[in-house]
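Let me begin by presenting the structure, written as structure tokens, before commenting on it.
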Amino acid sequence: MSLCPCGSALEFDACCGPLLAGDRPAVTAEALMRSRYSAFVTKAIDYLGESLHPAHRHDHDAAATRRWAENSEWLGLEILATEGGGEGDEQGVVEFEVSYKEKGVVRRYHERSQFQKENGRWYFVDGKIVTPGTQVHSGPKVGRNDPCPCGSGKKYKKCCGRG
């Protein structure tokens with residue numbers, strides 16, 4: 001037996017395995033999110049299509065999904081936040097970050113996913129990529145003749161201020 005790739009610290013056969021096999025449905029939006037990640041890791045492409053909300057399956061590109069799953073080395077899933085999505089809810093949001101290696105480059109994918117329950121079954125509706133926010137420098141402006149803030153001991157204009 002092996003640990004589930006979703007990061008739950010449970011055995012695969014006690015976690016995402018039964019969901020991918022169709023033996024039982026996910027009881028929460030987070031469980032569905034974890035099982036979808038495990039589907040990428042195990043290349044269970046059909047499950048990714050089946051777990052999409054029926055109203056959103058028309059634009060699912062199974063071939064592109066298969067290429068991404070097969071050409072990536074999946075390094076880990078981190079659940080960052082959940083809103084709703086419990087056993088008694090009808091809707092939920094799961095914010096997560098995935099690490100994977102593609103063409104030798106480690107990448108991170110950060111998304112807020114929407115989930116909906118219909119007839120007692122959770123489905124993935126859509127996701128929005130979370131981009132890093134712009135950081136604005138709040139300190140005093142560095143003058144050309146001031147010491148460079150990088151700590152080199154040079155004047156700013158002769159160091160990082162060249163441009």
Side-chain angles (χ1 to χ4, degrees), residues 1-138 150 160:
M1 291 208 195
S2 61
L3 290 179
C4 192
C6 80
S8 67
L10 298 172
E11 296 290 329
F12 180 71
D13 292 340
C15 190
C16 293
L19 281 69
L20 299 181
D23 295 339
R24 66 176 169 84
V27 295
T28 65
E30 180 179 337
L32 183 61
M33 177 64 244
R34 289 181 177 281
S35 70
R36 286 179 56 83
Y37 173 79
S38 292
F40 274 100
V41 174
T42 62
K43 314 316 187 252
I45 307 307
D46 290 343
Y47 179 80
L48 292 167
E50 293 162 5
S51 60
L52 279 174
H53 190 279
H56 296 271
R57 291 180 184 166
H58 64 280
D59 62 353
H60 174 61
D61 187 342
T65 302
R66 180 176 305 282
R67 279 192 304 276
W68 190 29
E70 291 177 350
N71 294 319
S72 299
E73 177 186 347
W74 300 95
L75 305 174
L77 166 69
E78 182 180 358
I79 303 296
L80 302 174
T82 58
E83 298 168 18
E87 290 184 48
D89 295 322
E90 298 296 316
Q91 295 184 1
V93 175
V94 178
E95 183 174 345
F96 66 94
E97 188 171 87
V98 168
S99 300
Y100 64 100
K101 189 184 288 188
E102 185 177 44
K103 297 180 182 176
V105 178
V106 175
R107 302 180 189 278
R108 294 199 176 286
Y109 181 80
H110 185 174
E111 180 178 293
R112 281 181 56 86
S113 294
Q114 303 284 328
F115 294 86
Q116 186 173 339
K117 190 193 297 184
E118 282 193 13
N119 300 320
R121 187 173 198 94
W122 282 103
Y123 292 100
F124 169 71
V125 175
D126 68 5
K128 303 235 183 314
I129 295 173
V130 178
T131 56
T134 302
Q135 292 185 351
V136 178
H137 180 67
S138 60
C150 78
C160 296

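- Using a 4.5 Å heavy-atom cutoff, the side chains of Leu19 and Arg24 are in contact.
- Between Glu30 and Thr28, the side chains place no donor N or O within less than 3.5 Å of an acceptor N or O (distance only, hydrogens not considered).
- Two residues are said to be in side-chain contact when any heavy atoms from C-beta on lie closer than 4.5 Å; His110 and Ile129 fail this criterion.
- Atom CD of Glu102 is separated from atom CZ of Arg67 by 11.0 Å, given to the nearest 0.5 angstrom.
- A distance of 10.0 Å separates CZ in Phe115 from CG in Asp126, rounded to the nearest 0.5 Å.
- Side chain of Trp74 to main chain of Ser38: no donor-acceptor pair is present (N/O by atom type, distance under 3.5 Å, no hydrogens or angles).
- Between atom OH of residue Tyr100 and atom CZ of residue Phe40 there is a gap of 10.0 Å, rounded to the nearest 0.5 Å.
- Across all non-hydrogen atoms, the minimal contact from Ile45 to Thr65 is CD1-O, 4.2 Å.
- Around atom CG of Asn119, no more than 12 heavy atoms belonging to other residues, nucleotides or ligands sit under 6.0 Å away.
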Audit row: Arg108, Val98, side chain to side chain contact (heavy atoms under 4.5 Å, CB included) steps and yes/no:
CA-CA 6 Å; Arg108 294 199 176 286; Val98 168; over 6 Å; no

Going through the checks in order, is the side chain to side chain contact (heavy atoms under 4.5 Å, CB included) test met by Val130 and Glu111?
CA-CA 5 Å; Val130 178; Glu111 180 178 293; 5.7 Å; no

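- By the 4.5 Å heavy-atom criterion applied to side chains, Gln91 and Val125 are not counted as neighbours.
- Contact detail for Ser35 and Tyr47: the closest heavy-atom pair is OG-OH, 2.6 Å.
- Rounding to the nearest 0.5 angstrom, the gap separating the CE atom in Met33 from the CG atom in Leu77 is 5.5 Å.
- Ring geometry for Phe96 versus Tyr109: interplanar angle of 30 to 60°, hence tilted.
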Test side chain to side chain contact (heavy atoms under 4.5 Å, CB included) applied to Cys15 and Cys6, step by step
CA-CA 9 Å; Cys15 190; Cys6 80; 3.7 Å; yes

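- Rounding to the nearest 0.5 angstrom, the gap separating the CD atom in Glu50 from the CG atom in Leu20 is 10.0 Å.
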Under the criterion side chain to side chain contact (heavy atoms under 4.5 Å, CB included), I'd like the reasoning laid out for Lys117 against Asp89: C-alpha separation, chi angles, the key distance, then a yes or no.
CA-CA 8 Å; Lys117 190 193 297 184; Asp89 295 322; over 6 Å; no

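- For His53 and Gln114, the side-chain atoms include no donor-acceptor pair closer than 3.5 Å.
- The backbone N or O of Leu48 sits less than 3.5 Å from a side-chain atom of Ser51, completing a donor-acceptor pair.
- With hydrogens and angles ignored, the 3.5 Å screen pairs no side-chain donor or acceptor of Arg121 with any backbone N or O of Pro25.
- Between Ala26 and Trp122, the shortest heavy-atom distance links the atoms O-CD1, 3.5 Å.
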Quick one, Arg112 with Glu83, criterion salt bridge (charged side-chain N to carboxylate O under 4.0 Å, His left out). Give me CA distance, side-chain angles, the key distance, then yes/no.
CA-CA 10 Å; Arg112 281 181 56 86; Glu83 298 168 18; 3.1 Å; yes

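- Note that the CG atom of Asn71 and the NZ atom of Lys101 stand 14.5 Å from one another [nearest 0.5 Å].
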